[in-house]
Amino acid sequence: MGEDVGGTRPSSASRTAGSLAGCRCKPGVGRRGREFRRPDCRVAVAMFFSQAGARPRTWEASQSEHKKWVEVFKACDEENKGYLSREDFKVAVVMLFGYKPSKIEADSVMSSVDPNTSGILLKEFLDIVRKKKEAQLYRNEIRHIFTAFDRHYHGYLTLEDFKKAFKQVAPKLSERIILEVFSG
């Protein structure tokens, strides 16, 4: 799997499928036969389909989004300190993403801040928000791709769904590789 056969290089799809075969995803047995049930399997399958499109993962904020982020920074920096404290950052995340960051997330962000400052500067904040937005869009894309191939809306892919999906995105991929990826 993924090795050179007959002097030809393996396709990007077969290399990606080969890497998926090593994932910890194990199919279960359901009423309709073998099927993926675990959420990490959904991510692995959707990542394959996403990578098969070979689209770049870069994303740039629009001017209006950038402006909104700056406004949120200024609104949360009530004392005009020029930085956001830990609590200010939490409020900003609630305003932009609709959830309160966990202690672990806040600790992670605060530990990455320049030790010479007392908090998160505007430039750092904009970078953090851009990365969070990019991750959010990527998760949504994965969910959308998986849902497109979950023909019966069960939350998992059967072998039949899996084969049909691979035939749509990687029609030259051998059935042997598809079965190996599905079998895990």
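Since we're looking at a predicted model, the values are computed, not measured. These numbers come from the heavy atoms of this one structure, side chains and all, not from hydrogens, waters or symmetry mates.
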In Å and rounded to the nearest 0.5 Å, what is the CG to CE distance from Leu84 to Met110?
-> 8.5 Å
Could you list all the salt bridge (Lys or Arg N to Asp or Glu O under 4.0 Å) pairs where at least one residue sits in residues 162-173, not counting sequence neighbours?
-> Lys163-Glu175
Between the side chains of Asp150 and Thr147, does any donor sit under 3.5 Å from an acceptor?
-> no
Taking distance alone, no hydrogens or angles, what donor-acceptor pairs closer than 3.5 Å link side-chain atoms of residues 71-79 to residues at least two apart or in another chain?
{"residue": "Asp77", "atom": "OD1", "partner": "Asn80", "partner atom": "N", "Å": "3.4"}
{"residue": "Asp77", "atom": "OD1", "partner": "Lys81", "partner atom": "N", "Å": "2.9"}
{"residue": "Asp77", "atom": "OD1", "partner": "Lys81", "partner atom": "NZ", "Å": "3.4"}
{"residue": "Asp77", "atom": "OD2", "partner": "Lys81", "partner atom": "N", "Å": "3.2"}
{"residue": "Asp77", "atom": "OD2", "partner": "Gly82", "partner atom": "N", "Å": "2.8"}

In terms of ring plane angle, is the pair His154 and Tyr156 parallel, tilted or perpendicular, where the classes change at 30° and 60°?
-> parallel
CZ/Phe146 to CG/Leu157 distance, rounded to the nearest 0.5 angstrom?
-> 4.0 Å
Do Tyr83 and Val93 share a hydrophobic cluster (ILVMFWY, side-chain heavy atoms under 4.5 Å, transitive)?
-> no
Indicate the atoms forming the closest heavy-atom contact of Trp69 with Leu96, along with that distance.
-> CD1-CD2, 3.7 Å
Any residue meeting side chain to side chain contact (heavy atoms under 4.5 Å, CB included) with Gln136, in chain and number order, not counting sequence neighbours | Phe97, Lys133, Arg139, Asn140
Cluster partners of Tyr153, using ILVMFWY side-chain heavy atoms under 4.5 angstrom, listed by chain and number?
-> none
Enumerate the residue pairs fulfilling side chain to side chain donor-acceptor pair (under 3.5 Å) with a member in residues 104-113, sequence neighbours excluded, ordered by first and then second residue.
-> Arg86-Asp107, Tyr99-Glu105, Lys103-Asp107, Glu105-Lys132
CZ/Phe166 to CG/Leu173 distance, rounded to the nearest 0.5 angstrom?
-> 6.5 Å
Quick one: CZ on Phe149 to NE2 on His144, what's the gap to the nearest 0.5 Å?
-> 9.5 Å
Show the atom names and distances, to 0.1 Å, of all donor-acceptor pairs under 3.5 Å that link a side chain in residues 119-129 to residues at least two apart or in another chain.
{"residue": "Glu124", "atom": "OE1", "partner": "Leu121", "partner atom": "N", "Å": "2.9"}
{"residue": "Asp127", "atom": "OD1", "partner": "Arg130", "partner atom": "NH2", "Å": "2.8"}
{"residue": "Asp127", "atom": "OD2", "partner": "Lys131", "partner atom": "NZ", "Å": "3.3"}

From Leu179 atom CG to Leu159 atom CG, the distance as rounded to the nearest 0.5 Å | 6.0 Å
